[in-house]
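As the structure is a computational prediction, the values presented were derived from the model and not from experiment. Just so we're on the same page: letters track the sequence lines, and every chain starts at 1.
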2 protein chains.
Amino acid sequence: MSDLVTRLRRHNWRITPQRRVIAETLEGSHVHFTAEQILERAVERMPELSRATVYNTLNEMVALGEVLELTFDGRSKRYDPNADHEHHHLICEGCGLMKDVHAMADPVDWLPGDERHGFTVTRASIAYRGLCPECQAAS
Amino acid sequence: MSDLVTRLRRHNWRITPQRRVIAETLEGSHVHFTAEQILERAVERMPELSRATVYNTLNEMVALGEVLELTFDGRSKRYDPNADHEHHHLICEGCGLMKDVHAMADPVDWLPGDERHGFTVTRASIAYRGLCPECQAAS
DNA sequence: TCCTAGCTTAGACTAGGTCTAAGTCAAGAT
DNA sequence: ATCTTGACTTAGACCTAGTCTAAGCTAGGA
Ligand SMILES: [Mn+2]
Ligand SMILES: [Mn+2]
Ligand SMILES: [Zn+2]
Ligand SMILES: [Zn+2]
């Protein structure tokens with residue numbers, strides 16, 4: 001019983017076998033998988049699982065606010081089960097490696113009122129970029 | 001003579017008629033266009049301009065560091081000629097409207113050393129999200 | 001003038017993601 | 001227990017952003 005499944009259950013959202021496998025595949029990892037990677041892994045446990053269900057399910061979990069959708073490169077979206085812990089990301093520009101990081105301040109507090117253009121600002125995420133140790137050595 | 005063209009000239013990079021039209025199309029706007037929008041507009045001035053040249057040219061300007069590539073949604077990339085002024089973005093979750101904003105501090109300073117995982121951190125960008133005045137009224 | 005490297009082109013191609021139409025399933029009503 | 005109905009799943013067609021290819025075009029240097 002994964003923590004993500006527990007959180008999903010609270011939204012009286014039907015936990016079908018397919019949805020459970022997808023959620024457990026996401027939760028089991030400490031990385032940020034693409035939809036295709038999730039399909040690839042989930043299919044090992046449920047071979048008849050379809051691509052459409054993976055995409056539908058991920059989109060629903062994002063809509064419920066229990067999974068984050070990350071789009072740092074222009075390539076595939078990545079899915080992050082860690083939606084209940086505020087955090088940011090550190091991305092290697094060499095190899096794409098992505099780490100969770102925690103900043104010392106909430107960036108929303110650093111946006112002055114006259115820079116808000118009348119918006120209601122609900123959240124902010126920081127993308128830190130640099131080179132990981134391996135890519136530093138390689139260059 | 002646009003400011004972006006002036007900056008590009010410094011990299012001894014051939015300013016062909018196509019590249020000039022693309023750069024001026026980008027520069028002339030205060031918004032964040034997609035490649036297709038740039039093609040659409042540039043073609044009004046140079047009808048034989050090709051899609052491939054627009055993509056090649058945008059990628060080169062990004063590689064030169066004179067244009068920023070923004071990927072906030074999982075859809076098309078957006079191009080920002082304002083690469084010489086450090087800034088962040090405020091995005092409406094309702095309609096996608098994107099505004100430039102300036103924070104009161106550099107987020108790199110808020111990332112403690114023990115959160116850097118051995119990376120060299122070179123830059124950080126903040127994506128603020130919320131609802132624009134129009135989308136607030138509509139909801 | 002000729003050569004060469006770089007630039008541009010049309011259009012084929014790829015990959016990520018969405019949509020459709022048909023079939024399956026499961027919770028609540030009877 | 002069976003029925004009903006809406007929700008869920010499926011295969012595969014489809015869409016769109018972006019890349020690649022092969023051929024032709026340019027411009028600057030020898
Ligand atoms: Mn994360
Ligand atoms: Mn901008
Ligand atoms: Zn790296
Ligand atoms: Zn809006």
Could you give the [atom1]-to-[atom2] distance, from [X] to [N], as a whole number of Å?
X: Asp73(A); N: dA17(D); atom1: CG; atom2: P; value: 17 Å
X: Asn12(B); N: dG6(C); atom1: CG; atom2: P; value: 12 Å
X: Glu60(A); N: dA7(D); atom1: CD; atom2: P; value: 12 Å
X: Ile15(A); N: dC8(D); atom1: CD1; atom2: C1'; value: 13 Å
X: Ile22(A); N: dC8(D); atom1: CD1; atom2: P; value: 12 Å
X: Leu70(A); N: dG17(C); atom1: CG; atom2: P; value: 12 Å
X: Leu39(A); N: dA15(C); atom1: CG; atom2: P; value: 15 Å
X: Arg78(A); N: dA15(C); atom1: CZ; atom2: P; value: 16 Å

NZ/NE/NH1/NH2 to OD/OE distance under 4.0 Å, [X] and [Y]:
X: Arg19(A); Y: Glu60(A); value: yes
X: Arg51(A); Y: Glu36(A); value: yes
X: Arg123(A); Y: Glu93(B); value: yes

(request) Give me the residues of residues 48-58 of chain A where at least one heavy atom lies under 4.0 Å from an atom of DNA chain D, by number, or none. (result) Glu48(A), Leu49(A), Ser50(A), Ala52(A), Thr53(A)
(message) Checking side chain to side chain contact (heavy atoms under 4.5 Å, CB included) between Leu90(B) and each of Val101(B), Leu97(B), Ile126(B), which is the one that passes?
(response)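 Checked Val101(B), Leu97(B), Ile126(B) against Leu90(B); only one passes side chain to side chain contact (heavy atoms under 4.5 Å, CB included): Val101(B).
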(request) Please determine which of Val31(B), Leu26(B), Asp100(B), Val67(B) meets the side chain to side chain contact (heavy atoms under 4.5 Å, CB included) test together with Asp80(B). (result) Asp100(B)
(message) Under 4.5 Å side-chain heavy-atom separation, chaining through any Ile, Leu, Val, Met, Phe, Trp or Tyr, what else clusters with Leu131(B)? Say none if it is isolated.
(response)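 ILVMFWY cluster around Leu131(B) holds nothing else.
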(request) Could you pick out which residue, Trp13(B) or Lys77(A), lies toward the 5' side of DNA chain C when each is mapped onto its nearest nucleotide? (result) Trp13(B)
So, is [X] close to the [N] phosphate, meaning a side-chain N or O under 4.0 Å from OP1 or OP2?
X: Arg19(A); N: dT9(D); value: yes
X: Thr16(B); N: dT8(C); value: yes
X: Gln18(A); N: dT10(D); value: yes

(message) Regarding His11(B) and Glu66(B), do their side chains bring together a donor and an acceptor under 3.5 Å, going by distance alone?
(response)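 The answer is yes; a qualifying pair exists.
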(request) Using a heavy-atom cut-off of under 4.0 Å over every strand shown, decide if Asn59(A) touches base, sugar-phosphate, or nothing. (result) sugar-phosphate
(request) For the side chain of Ser76(A), starting at C-beta, report the closest nucleotide among dG17(C), dA17(D), dA26(C). (result)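 Nearest to the side chain of Ser76(A) among the choices is dG17(C).
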